[in-house]
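Working notes, structure below.
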Number of protein chains: 2
Amino acid sequence: MITIYDLAKKTGFSSTTVSKALNNYPDVSKKTRQAILDTAAEMGYLPNAHAQSLSTKKSWTIGVMFSEDNEIGMKHPFFSAVIESFRKQAEKEGYDLILASRNLRNRGSSYLEHFKYRGVDGIVVICSDPNDPQVQEMIDASIPIVVIDMSNQNCSVVFSDNLSGGALAINYLYSLGHTKIAHISGEPSIYAGQVRIQGYKDAMKKLKLPIIEGYLVNGGMFSIEEGAKAMDKLLDLKEPPTAIFVAGDHMAIGAMEAAKKRGYNIPDDLSIIGYDDIEMASYVTPKLTTIKQDTDAIGIRATQLLMKQIIQKKKIITEEIIPVELMERESCKRLKKK
Amino acid sequence: MITIYDLAKKTGFSSTTVSKALNNYPDVSKKTRQAILDTAAEMGYLPNAHAQSLSTKKSWTIGVMFSEDNEIGMKHPFFSAVIESFRKQAEKEGYDLILASRNLRNRGSSYLEHFKYRGVDGIVVICSDPNDPQVQEMIDASIPIVVIDMSNQNCSVVFSDNLSGGALAINYLYSLGHTKIAHISGEPSIYAGQVRIQGYKDAMKKLKLPIIEGYLVNGGMFSIEEGAKAMDKLLDLKEPPTAIFVAGDHMAIGAMEAAKKRGYNIPDDLSIIGYDDIEMASYVTPKLTTIKQDTDAIGIRATQLLMKQIIQKKKIITEEIIPVELMERESCKRLKKK
DNA sequence: CTCTTGATCGAAAGCGCTTTCGTTGATGTT
DNA sequence: AACATCAACGAAAGCGCTTTCGATCAAGAG
C-alpha cells in the first residue's frame, strides 16, 4: 500500500503538503499540487479510508437496517426497491451503504452499538414496527437518522400516504358501484397496516357505507398465505363483500388465489385492489389493480433528509408523506346490478 | 466517545493492558481482565472500528458489487435473494457488507479502487458478464474474491448448474412428448445465457432432436418485454414449436403474455418452462414450470469460499456448481397427438 | 533600506487502537 | 543465597491521515 509518505518522498515535499494538495487546501501552489497529483496518479495512490475516518471523524458511510420480523430482509420487493433507490442517491453524494448485523463479532450487540462501532455518518432504517426497541434506541441516539415506512415524533420519517391510499382504493371501488367493501388489513401493530385500516374506515364513513361485521379481517404480516386465509374468512361470511381492499399486494395475490380456488371469478364476482404495486401485480391473472407506492421517491426523499441532517449536524424532526397512485388494471370491475 | 484510555484511567491500568484484556490476550490476570471488562460495560465502551482496522489491517467488511447493465441492481429477485443469503451467512462470521459505488467522492474510480480504499477483506460480485472489465480488474487483483453467476479460470466462482438445468428442461419437455422444442435464450455474452444455450443444444442433440431454423432466439437481457418479443418471433414461424425452454422466468412470463395475446392457450397449445423460480413464477397463470436456482445454497457456498480465502490469505481458484431443480407446475403439458 | 504582507510549506501532535519487547516482582530450584 | 523461571503489566512505536500553528521567503509599502 502506498501512502502519502511515499508521495512525499517521491516529490520532495512534506507529507503535510501532500495531504493538503490532495485535499485542495488553498495554501499550496498550483505547480506543486499538480506535481503531487501527477505522481499520485502515477504511483497509483489511494487514500486509506480508515485512517481518514479516524482522523476526521467522518466515514462517508451510512448504516442501513431493516427490521426483519418476517425474516425476508432484502427479498421483499418493496424494501429492496427503496434501498436500491436510496443507494443510487447516496452514491451521488459520495456515501457507501453498510449493511450491518446485530452481531458485533462474538458478542451480540444492538444495531445502534454496531453502527457506532462502524462510525457511520447516518442511519437509514426501513421498519414498519413502531415499537421495535432497536429502532427506538437508534432514534433516541444522536446519530442522524431517517426511518422509512413508519411514523415517529422524534426523528425524520418518510412513508407513503397510507391514509389517502386507503381513500383512493375505497372511492374507486365505490365509483364502480360497490358498497359492500371489506378490508384485509395488515397487522395493526405495523404502522402501514394500522394507517391503512384507518384509511379504510375513514373513507367508508365519508361515503356513509357501513362496515359490516366481519368485513375487517387481519391479514397479519402481509404474506401471500395469510392473504389467502383472510379471504377464506371473508368468503365464509353469510353476506360476503363484493369488493375487497387488501393492504398489500402479496396478500391480495393470496386472496385472489383463495377466491379462485373457491370458484369465484375475479373481477366478475369480486373486485380486489391491492397495495404496493410490486412487479408481480402486473403479471398475475387478472392483473392486479393496486395502490402504487413510489419507492423511488421514498428513497430519494430519505436520502435528502439524511444528507441535510448530516450536513447541519443536527437531527431534524419531520414527516415526509409520499403520494400514492391508483394503478387501474383488471382485478376490479363495475358491480353488476342484480 | 469513550476510548481505551478512559478505561485505563478509570481502572488504573495502562492502555496496553486494557487493550489486551479486551482482546483476550493471555498475559493479563483473570482479575484485572474482569475489572476492565466490567468498567467497559459500565462506561458503555465501544471499540472504534476505524482505529482497529488501521492498526490491524483487517476491516471485517466485505465489498459487494453487482454489474448493473440492466440498471436494476438489487431489484432483481435472483440477485437480492443471493445477497440476502450471503449477508446472513457473512454476519455469522462477523462481517458486514458494504455496497460500494463507483464514485469515490468526486473522482470517479473503479470498483476495485473503491474497495481498496475501503480496505475490505474480501469482495463478492454478482455478475453475469464474463467480459466486464471492472470485474476482470478485481479478479486480477490480490484481494480475496468470489464471483457468482459466471465462470472464470482465475478465481473462485459459484453458479448454478446451467448445463444440467438446460438438460432437465429439455428432457422434461421431451418426456411430455414434445419434439419441436425452441429456446428463448438470454444474451449469449452473458455467462448464464450462453451456458443455457449450450445445455439446450446438448440435450437436443442427445435426444436426436433437430433444432429447427429459427428455434433459437435471443431474448437479450432477460426482461419481460424481451421475452414477449422473442415469443412473437417464434410464433411467426411457419412451423412454430410446441414447447419452449426460456432462459429466465421474467422472459418466460413475457413470453406467456405474448402467446396469450395471440390467442394461444398455455399449456394446451404451448408448453413453457422457465429458469430461476422467482417468486412470481408461482403466481402467474398458469403457474410457471421452471428450473429453480438454489439462491440460498449459492449464497452460503460463496460465503464459505470467501472466508476460506480470507483465512488462508491466498486466493483459491475453484468452481462450485450448485444443483438446480425442476419445479413442475402448470405451464407444461403432454403433447396431444394429432 | 526596513517593515508588513501574503503566499508556500513543514513540524508535530493527535485520532484510537495493536503489538513488540522489556521490566518487575514473585515463585521455585539447587 | 544465588539463580532461573514465569506471570503480569507497561512504554513506546506504529498504522495513514488531518490540521494547527509557525517558519520562511519574496514582493510590495513606506
Side-chain angles (χ1 to χ4, degrees), chain A residues 1-37 39-40 43-61 94 104-105 107 113 115-121, chain B residues 1-37 39-40 43-61 104-105 107 113-121:
Chain A
M1 154 160 263
I2 128 147
T3 74
I4 55 170
Y5 292 99
D6 299 321
L7 294 185
K9 195 169 295 172
K10 185 92 169 195
T11 58
F13 293 100
S14 74
S15 61
T16 304
T17 303
V18 171
S19 172
K20 287 178 177 174
L22 261 17
N23 290 292
N24 286 313
Y25 271 60
D27 61 340
V28 36
S29 74
K30 273 223 173 294
K31 219 168 73 178
T32 78
R33 179 195 316 288
Q34 197 52 54
I36 290 173
L37 256 37
T39 73
M43 299 181 71
Y45 167 79
L46 284 176
N48 178 314
H50 301 302
Q52 246 173 208
S53 303
L54 181 56
S55 180
T56 59
K57 263 101 179 59
K58 170 139 183 103
S59 67
W60 293 97
T61 59
L104 203 55
R105 222 63 33 77
R107 34 181 163 281
E113 285 172 338
F115 286 139
K116 280 184 170 172
Y117 162 69
R118 284 292 181 197
V120 300
D121 297 330
Chain B
M1 155 161 263
I2 128 146
T3 74
I4 55 170
Y5 292 98
D6 299 321
L7 294 184
K9 195 168 295 174
K10 185 93 169 194
T11 59
F13 292 100
S14 75
S15 62
T16 304
T17 302
V18 171
S19 172
K20 287 179 176 173
L22 260 17
N23 291 291
N24 285 313
Y25 272 59
D27 62 338
V28 37
S29 75
K30 274 224 174 295
K31 220 168 74 180
T32 79
R33 179 195 315 288
Q34 198 51 55
I36 290 174
L37 257 38
T39 73
M43 300 181 70
Y45 168 79
L46 283 177
N48 178 314
H50 301 302
Q52 245 171 209
S53 302
L54 181 56
S55 180
T56 59
K57 263 99 180 59
K58 172 144 183 97
S59 67
W60 293 97
T61 59
L104 202 55
R105 221 63 33 77
R107 35 182 162 282
E113 286 172 337
H114 200 115
F115 286 140
K116 279 184 170 172
Y117 162 70
R118 284 290 181 200
V120 300
D121 297 330

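By convention in this document, chain letters (A, B, ...) are assigned in the order of the sequence lines, proteins followed by strands, and residues within each chain are numbered from 1.
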Which nucleotide in the list [options] gets nearest to the side chain of [X]?
X: A/T16; options: D/dA12, D/dG16, D/dT19; answer: D/dT19
X: B/A51; options: D/dT18, C/dC17, C/dA11; answer: C/dC17
X: A/S55; options: C/dT18, D/dT18, D/dG10; answer: D/dT18
X: A/V28; options: C/dC9, C/dG16, C/dT19; answer: C/dC9
X: B/Q52; options: C/dC17, C/dC15, D/dT18; answer: C/dC17

May I ask you to test the [X]-[Y] pair for a side-chain heavy-atom distance under 4.5 Å?
X: A/F13; Y: A/S15; answer: no
X: A/T16; Y: A/K20; answer: yes
X: A/D6; Y: A/M1; answer: no

For [X] against [Y], the heavy-atom pair lying closest together:
X: A/T61; Y: A/G119; result: OG1-O, 4.2 Å
X: A/T32; Y: A/V28; result: OG1-CG2, 3.0 Å
X: A/G44; Y: A/I2; result: O-CG2, 4.3 Å
X: B/Q52; Y: B/P47; result: OE1-CB, 3.4 Å

For [X] and [N], give me the distance from atom [atom1] to atom [atom2], rounded to whole Å.
X: B/F13; N: D/dA11; atom1: CZ; atom2: C1'; answer: 17 Å
X: A/N48; N: D/dC17; atom1: CG; atom2: P; answer: 6 Å
X: B/N24; N: D/dC9; atom1: CG; atom2: P; answer: 15 Å
X: B/Y25; N: D/dC9; atom1: OH; atom2: C1'; answer: 14 Å
X: A/L22; N: C/dC9; atom1: CG; atom2: P; answer: 14 Å
X: A/I4; N: C/dG14; atom1: CD1; atom2: P; answer: 18 Å
X: B/D6; N: C/dC17; atom1: CG; atom2: C1'; answer: 13 Å
X: B/L7; N: D/dG10; atom1: CG; atom2: C1'; answer: 16 Å

Under-3.5 Å donor-acceptor pair between B/T17 side chain and D/dA8 base =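 Between D/dA8 and B/T17, which were checked side chain against base, a qualifying N/O pair under 3.5 Å is absent.
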query = Can you find a donor-acceptor N/O pair under 3.5 angstrom joining the side chain of B/Y5 to the base of C/dC17?
reply =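 Looking at the base of C/dC17, it does pair with a donor or acceptor on the side chain of B/Y5 (distance under 3.5 Å).
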query = Distance only, no hydrogens: is a donor on one side chain within 3.5 Å (strictly under) of an acceptor on the other, for A/T17 and A/S14?
reply = yes
request  = Could you give me the CA-CA distance, side-chain angles and deciding distance for B/R118 and A/W60, then say whether side chain to side chain contact (heavy atoms under 4.5 Å, CB included) is met?
outcome  = CA-CA 10 Å; B/R118 284 290 181 200; A/W60 293 97; 3.6 Å; yes
So what does [X] touch, heavy atoms closer than 4.0 Å: a base, only the sugar-phosphate, or nothing?
X: A/G12; value: sugar-phosphate
X: A/S19; value: base
X: B/T3; value: sugar-phosphate

message = When you measure from the side-chain N and O atoms of B/K57 to the phosphate of D/dG16, is any distance below 4.0 Å, counting only OP1 and OP2?
response = yes
ask   = Taking only N and O in the side chain of B/N23, is any of them less than 4.0 Å away from OP1 or OP2 of C/dT18?
value =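 Checking C/dT18 against B/N23, a side-chain N or O does come within under 4.0 Å of OP1 or OP2.
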message = I need a per-nucleotide contact map over nucleotides 22-28 of chain D, read 5' to 3'. Cutoff is protein heavy atoms under 4.0 Å; write B for the base, S for backbone only, - otherwise.
response = -------
key: Nucleic acid contacts of residues 29-37 of chain B, taken as heavy-atom distances under 4.0 Å to DNA chain D   =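 Those residues are B/S29, B/T32.
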key: From CA spacing to verdict: side chain to side chain contact (heavy atoms under 4.5 Å, CB included), A/N48, A/T3   = CA-CA 8 Å; A/N48 178 314; A/T3 74; over 6 Å; no
